[in-house]
Amino acid sequence: MTGEQSGATGAAPQAEAAATDAEPAPGRASAARVGATSTAPAATHDEPSGTTAAGGDETAEESRTAGTDGRAGADAKNGTGGPDGDARTASRTAGTDRDAATDAQDKTAGADRDPGTDAQDKTAGADRDPGTDAQHKTADTDRDAGTDAKDKTGGTDPDAGTDADGKGKAGGTDGDEPADRWTAFGPAPEPVLGRARRAGRAVGRFLVHEWTLAAVATLVVAAAMTWPTLRYPRYTLPQDYWDPSLQAWQMAWSGHILRTDPAMLWHSNTFFPENWSFAFSDTLLGYAPAGLIGVGPEQAVLRYNIMFVLAHALAAFGAYALARQLGAGRIGGAVAGASFAYAPWLLAQAGHLHIISNGGIPLALAMLARGHGWSLRHGYRPRRRHAGWALAGWLVAAWQLTLGFGIGLPFAYLLAGVGLVAVVLWFVRRRRVKRPFGRRLFLADLVGALVFAAVGGLLAIPFFKVAELHPNAARSLAEIQLYSPPASGFFTAPAESRVWGGLHEGARAVLPWHPEMTLLPGFALYALAAGGLFFSVWRVRHRLFLLAGVLVTMALAMGTRFLDGRFTYVPLFDYLPGWNGLRTPGRMMLWTTLLLGLLAAGAVTAFCMRVRELAAERVPPWPGPWLRLATLVPLLLVLAEGLNVTPHPVVPRQPAAMRTVDGPMLVLPSSQNLDQPVMLWSTDRFQPMVNGGSGFTPNSQAQVREATVSFPDYASIDYLRRIGVRNVVVLRDQLGGTPWEGMLDRPVEGLGVTREQVGEAVVYRL
């Protein structure tokens, strides 16, 4: 207010000087008024929101339209009898804002008024300074000139005694009056926050941010939905202790070897004397940082269980982020995340961490879509492009690839297809759309794609080497046929489903290999996705694209069961590099589930929008408890179908001999399932051993098992010595029902070996 007063007092002498030079005619005054109006918008930001007087008077409306602030100097000039045109011309020359009261006087044809008339301007609805307007609005009676001089903070009335020489008053006439008695109504100054308070506010904003809440919620839900995984995390494993033991060993090995000798990463301590043995199955190499923490079987089991829960949380979070980026609401995104992470068919994969670890797929797609400013609901928005998010999406995709080619390879081909389509669209639209692809975004995509391709290529080298050294590791169409599910598998739940497991027992009995053929994504998800075809926030063409994706991925999931796979799975098996290494087509259901979840998210989002519309019609306009609960019903139904009865068996205890016996060694009895816990037991010392379990059995390992059936005898001992084995550990309590049963009763005299009891095992030193 002080600035406005000083500007007004400075403009008044100039206006008075202009009046003495020449007195314009009424026509020129009108022209001056038009000119002042044209310059008014530049000062609209100075006008307070409450300065327009009520009553609908024409002068007040004109003052509000002009958007100018009140000036004490202009009011003083008009009050002393100067013509209206002079005041307008002088104020325009000074470049200052004017009082709306001047506009009111302009509207009256520029006639001079006496000072008493100025006091009545407040009843006409003219705008005044921010401080005086609040006072004038409350007074509907006229005041004399002296009173008006007190009311106006800028001393705008000529009878106040100080405005005649162009200097406005700063306050009332009495010395006891404050300089500006309206300052008590002004906003309090912003407090200057210290560093600690600024940090506290930043932390508070972070804690209540949507993505923080989403991350915490997915962690809590994951712990609850996978229970009792974290009940005894050092001693139990979900589903069984065979494949989970193998994968617990994989994480432990990658952390151990990166800490000790990274060059030997692919040549693990198992399957001795084979090389490249770490590439005999998917490696979970992306979890190597977790493998750096802890040593021994108990720590390996604990690590596996933690990563098992975190994998579910990441899957839900990634699908939520993707649905939100594409345009779904929060509850719709939650439905997509829950359906993707806790689909009933995934309960049969609880023992396969490399399949459960799929959250990087939707998260990378969400980041790439965010970086390119694209969504299903809003289309392409160039202003939302962000090269950093695009690069982050490529890096997450590369990390996902390190968790295994079982689900990473189809993801890689999807990204290649999307990239090809993007390049074609760029060439088509580059002349019609201004900068459809920014330089920074292009560089981010180029660098990210190169990193992704480099990671994929480096990971593929050992697997191609294994395929070259072990032809029996290659898959055949006959093996694909064995694992290809029929159409009934899409409506059959695994035995681990709490809701449908018992009810679908008969349907599972007719499936040739039900652990890989029970592919139910959830009946609630089916219903929500079907509703999303007709009622959704997605455009119709996008719904059709999602439906086409669902049908195509279902056909691929059936392998050779759909038209013998001639037009679906077999061409991919024959011509796409690496595709012949995928033996379980049913895992393509991962993509079907994601697409169904996006269709469901569109329907749930539209439903929530309709609920808000209905709530707006209520008095007061706020959703009642039943309406709020109705929006959560789809999410609750999806989560209910994901409840599990997954067994959590106790991991066999590590024999004491595994902590003392050196390698190279052989543990008997040996088979794929029996060897997987043995791999876990070796995480104390990682001594070389013949034992190992994977997706195939190397010829050398098969020969060792065959040669040692008669152990201990001269032929078997000689064979083991020739391949480098120095110790044989026999697990006494596991010999029953195996080809090695009764071997402890055979004599060792004259064979050049010693035998000793170490705990519950018998150790033969060759």
Side-chain angles (χ1 to χ4, degrees), residues 222 226 229-230 233-258 265-266 268-271 277-315 346-360 399-408 459 462-463 496 515-516 581 583-584 587 590 646-652 654 672-684 686 689 691-696:
T226 59
T229 297
L230 296 182
R234 294 177 180 269
Y235 311 107
T236 63
L237 286 171
Q239 198 173 56
D240 56 55
Y241 54 77
W242 297 314
D243 283 351
S245 293
L246 162 65
Q247 293 169 335
W249 166 84
Q250 287 175 330
M251 287 187 283
W253 166 257
S254 59
H256 162 76
I257 202 64
L258 291 179
L265 171 65
W266 298 104
S268 75
N269 68 309
T270 59
F271 296 98
S277 55
F278 194 49
F280 284 1
S281 57
D282 279 338
T283 62
L284 294 175
L285 187 58
Y287 290 153
L292 296 172
I293 305 172
V295 178
E298 284 190 7
Q299 299 298 319
V301 172
L302 174 63
R303 183 186 305 114
Y304 179 93
N305 285 319
I306 291 175
M307 300 311 298
F308 180 79
V309 175
L310 291 180
H312 283 85
L314 181 61
L346 283 171
L347 296 175
Q349 305 294 328
H352 301 141
L353 186 58
H354 61 296
I355 305 300
I356 299 297
S357 301
N358 52 47
W399 173 78
Q400 177 65 56
L401 202 59
T402 64
L403 297 178
F405 283 110
I407 60 173
L459 289 175
F463 288 94
E496 292 83 359
E516 297 289 350
R583 67 173 181 174
T584 50
R587 293 173 183 174
L590 184 75
T646 303
H648 287 72
V650 177
V651 180
Q654 180 193 37
Q672 177 171 327
N673 285 343
L674 293 175
D675 281 1
Q676 289 170 336
V678 174
M679 300 170 75
L680 176 62
W681 294 336
S682 72
T683 54
D684 269 326
F686 291 100
M689 60 175 56
N691 304 81
S694 69
F696 76 100

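- Side chains of Ser357 and Tyr287: a donor-acceptor N/O pair is present below 3.5 angstrom, by distance only.
- Side-chain contact of Trp249 with Asn269: a donor-acceptor pair under 3.5 Å is present, judged by distance alone.
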Arg234 and Val301: CA distance, side-chain angles, deciding distance, side-chain contact (heavy atoms from CB on, under 4.5 Å) verdict: CA-CA 5 Å; Arg234 294 177 180 269; Val301 172; 5.6 Å; no
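- The two residues Ser682 and Met689 make their nearest non-hydrogen contact at CB-CE, 3.4 Å.
- A donor-acceptor pair is defined here as one N or O able to donate and one able to accept, closer than 3.5 Å; such a pair exists between the side chain of Trp253 and the backbone of Leu265.
- Ile355 approaches Asn358 most closely through the heavy-atom pair O-ND2, 2.9 Å.
- Between the side chain of Gln676 and the main chain of Leu246, no donor-acceptor pair closer than 3.5 Å is present.
- Proximity of a side-chain donor or acceptor of Arg303 to a complementary backbone N or O of Gly294 within less than 3.5 Å is detected.
- Taking the six-membered ring where the residue is Trp, Phe308 and Tyr304 present parallel rings, their angle staying beneath 30° rather than reaching 60°.
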Steps toward side-chain contact (heavy atoms from CB on, under 4.5 Å) verdict (Ser254, Thr283): CA-CA 9 Å; Ser254 59; Thr283 62; over 6 Å; no
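- Nearest heavy-atom pair across Ala290 and Met307 is CB-SD, 4.1 Å.
- Ser245 has its side chain within reach of Leu237: a pair of non-hydrogen atoms, C-beta onward, lies under 4.5 Å apart.
- Using cut-offs of 30° and 60° on the angle between ring planes, the pair Phe463 and Trp266 is perpendicular.
- The heavy-atom pair separating Ala300 from Leu680 by the smallest distance is CB-CD1, 3.6 Å.
- Judged by distance alone, the side chain of Gln250 and the main-chain N or O of Asp282 form a donor-acceptor pair under 3.5 Å.
- Minimum interatomic distance between Leu459 and Leu401 (heavy atoms only, all atoms of both residues): CD1-O, 3.8 Å.
- Using modelled atom types and a 3.5 Å distance limit, the side chains of Thr683 and Gln299 yield no donor-acceptor pair.
- Side chains of Gln349 and Glu516: a donor-acceptor N/O pair is present below 3.5 angstrom, by distance only.
- Under a 3.5 Å cut-off, the side chain of Gln672 and the backbone N or O of Ser694 do form a donor-acceptor pair.
- Residues Glu496 and Pro647 come closest through the heavy atom pair CG-CD, 4.4 Å.
- When side chains are defined from C-beta on, Asp684 counts as touching Gln654, because their heavy atoms get closer than 4.5 Å.
- Of the candidates Thr229, Asn305, Thr236, Asp240, Thr229 is the only one forming a side-chain hydrogen bond (donor to acceptor under 3.5 Å, both in side chains) with His648.
- No donor-acceptor distance shorter than 3.5 angstrom exists from the side chain of Asn691 to the backbone of Thr270, with no hydrogens or angles considered.
- In this structure, the side chain of Trp399 does not engage the main chain of Gly360 through any donor-acceptor pair within 3.5 Å.
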